[in-house]
Q: 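Input: one structure, supplied below.
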Amino acid sequence: AIACVSIMLIMTLLCQWKAPLLVGAFTNDPHVRQVAVQYLRILSWNFVGTGIIFTCSGLFQAIGNTWPALLSSAARILIFCIPAVWLSLQPWVQLENFWHLSVATVALQAVFSLWLLLGEFRKRLAFAT
């Protein structure tokens, strides 16, 4: 978990610091570059949460119970979709609003996944005293 989060944190910092350079390798269109840089700077905040989610999912697989990972993913989809539909109906909505919503829901999923994993550990690692 520490290795995964560390790598994801480095990637987040890279996207925050060098987004124009990263995007420049793919397009010369200034408008596309502007949107892509903004996208990277917002969505890169998902990286650490995604690393936590992947680690938790891997641990759920390792202990033979993938239901919590499925529950966590389903909860994120639901928590994202309902506000996204509402946002799409608003006259003031901008693309960035959906990106910020994604960051919020990934953070919630990471916390939920950790909570589920800690509960699974408590249940499975309960030793008789």
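This is a predicted model, so every value here is computed, not measured.
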Q: Please check if the number of heavy atoms outside Leu125 that lie under 6.0 Å from its CG is greater than 12.
A: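 Buried by this count: over 12 neighbours within 6.0 Å.
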Q: According to a 4.5 Å side-chain heavy-atom criterion applied to Ile, Leu, Val, Met, Phe, Trp and Tyr, with indirect links allowed, do Phe121 and Ile52 form part of one hydrophobic cluster?
A: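 The answer is no; the residues belong to distinct hydrophobic clusters.
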Q: If you look at every heavy atom in Ile63 and Arg124, which pair is closest and at what distance?
A: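 Minimum heavy-atom separation between Ile63 and Arg124: O-NH1, 3.4 Å.
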Q: Please list all pairs passing the side-chain hydrogen bond (donor to acceptor under 3.5 Å, both in side chains) test where one or both residues lie in residues 47-56, with sequence neighbours left out.
A: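 Qualifying pairs, neighbours excluded: none.
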Q: Any heavy-atom pair between the side chains of Cys15 and Phe47 that's under 4.5 Å?
A: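 In contact.
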Q: Does the side chain of Leu117 come within less than 4.5 Å of Pro68's, by heavy atoms?
A: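 No. Closest side-chain heavy atoms not under 4.5 Å.
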Q: When you look at Ser88 and Val93, which way does the side-chain contact (heavy atoms from CB on, under 4.5 Å) test go after all the steps?
A: CA-CA 7 Å; Ser88 70; Val93 72; 5.8 Å; no
Q: Can you tell me how far apart CE (Met11) and CG (Asn46) are? Round to the nearest 0.5 Å.
A: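 Here the interatomic distance stands at 13.5 Å.
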Q: Quick one: side chain to side chain donor-acceptor pair (under 3.5 Å) partners of Thr12, sequence neighbours excluded?
A: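 In terms of side chain to side chain donor-acceptor pair (under 3.5 Å), with neighbours along the sequence ignored, Thr12 is linked to no residue.
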Q: What pairs of residues pass the side-chain hydrogen bond (donor to acceptor under 3.5 Å, both in side chains) test when at least one of them lies in residues 56-65, not counting sequence neighbours?
A: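 As it turns out, the side-chain hydrogen bond (donor to acceptor under 3.5 Å, both in side chains) pairs with a partner in residues 56-65, which skip direct neighbours, are Asn65-Glu120.
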Q: Partners of Ser113 by side chain to side chain donor-acceptor pair (under 3.5 Å), sequence neighbours excluded?
A: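 In terms of side chain to side chain donor-acceptor pair (under 3.5 Å), with neighbours along the sequence ignored, Ser113 is linked to Ser72.
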Q: Measure the spacing between CG of Leu21 and CG of Leu40 and express it to the nearest 0.5 Å.
A: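 Here the rounded value is 11.0 Å.
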Q: Filter on ring-ring contact (aromatic ring centres under 6.0 Å, His included), then keep only pairs touching residues 68-107, sequence neighbours left out; what's left?
A: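 Listed by first then second residue: Tyr39-Trp99, Trp86-Trp92.
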Q: With sequence neighbours excluded, tell me which residues meet salt bridge (charged side-chain N to carboxylate O under 4.0 Å, His left out) with Arg122.
A: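 Once residues adjacent in sequence are excluded, Arg122 has no partner under the salt bridge (charged side-chain N to carboxylate O under 4.0 Å, His left out) criterion.
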Q: If you link ILVMFWY side chains whenever their heavy atoms are less than 4.5 Å apart, which other residues fall into the same cluster as Ile79? By chain and number, please.
A: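 Members besides Ile79, by chain and number: Leu108.
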Q: Output a table of donor-acceptor pairs, distance under 3.5 Å, between side-chain atoms of residues 24-35 and any protein atom two or more places apart or on a different chain; print 'none' if there are none.
A:
{"unit_1": "Thr27", "atom_1": "OG1", "unit_2": "Asp29", "atom_2": "N", "d": "3.1"}
{"unit_1": "Asp29", "atom_1": "OD1", "unit_2": "His31", "atom_2": "N", "d": "2.9"}
{"unit_1": "Asp29", "atom_1": "OD1", "unit_2": "Val32", "atom_2": "N", "d": "3.4"}

Q: Could you identify which residues cluster with Trp67, counting Ile, Leu, Val, Met, Phe, Trp and Tyr as linked when any side-chain heavy atoms lie under 4.5 Å apart, either directly or through a chain of such contacts?
A: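 So far as hydrophobic clustering goes, Trp67 is joined with Leu70.
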Q: Which residues pass the side-chain contact (heavy atoms from CB on, under 4.5 Å) test with Val37, not counting sequence neighbours?
A: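 Per chain and number, Val37 pairs via side-chain contact (heavy atoms from CB on, under 4.5 Å) with Ala19, Pro20, Val23, Arg41.
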Q: Starting from Val106 and following side-chain heavy-atom contacts under 4.5 Å between hydrophobic residues (I, L, V, M, F, W, Y), which residues can be reached?
A: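 Val106 clusters with Ile53.
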Q: Can you give me the closest heavy-atom contact between Phe112 and Ala75, atom names plus distance?
A: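 Distance-wise, the nearest heavy atoms are CE2-CB, 4.0 Å.
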Q: In terms of hydrophobic clustering (I, L, V, M, F, W, Y; side-chain heavy atoms under 4.5 Å; direct or indirect links), are Phe60 and Phe54 co-clustered?
A: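 Phe60 and Phe54: separate clusters.
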Q: Got a sec, which hydrophobics cluster with Leu78, joining ILVMFWY side chains under 4.5 Å apart, including via others?
A: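 Ile82, listed by chain and number.
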Q: Please determine whether side-chain contact (heavy atoms from CB on, under 4.5 Å) holds for the pair Leu43 and Ser102, giving the CA-CA distance in whole Å, both sets of side-chain angles, and the decisive distance to 0.1 Å.
A: CA-CA 8 Å; Leu43 266 288; Ser102 174; 3.8 Å; yes
Q: Drop me the distance from Leu101's CG to Ile42's CD1, to the nearest 0.5 angstrom.
A: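 So the gap between those two atoms works out to 12.0 Å.
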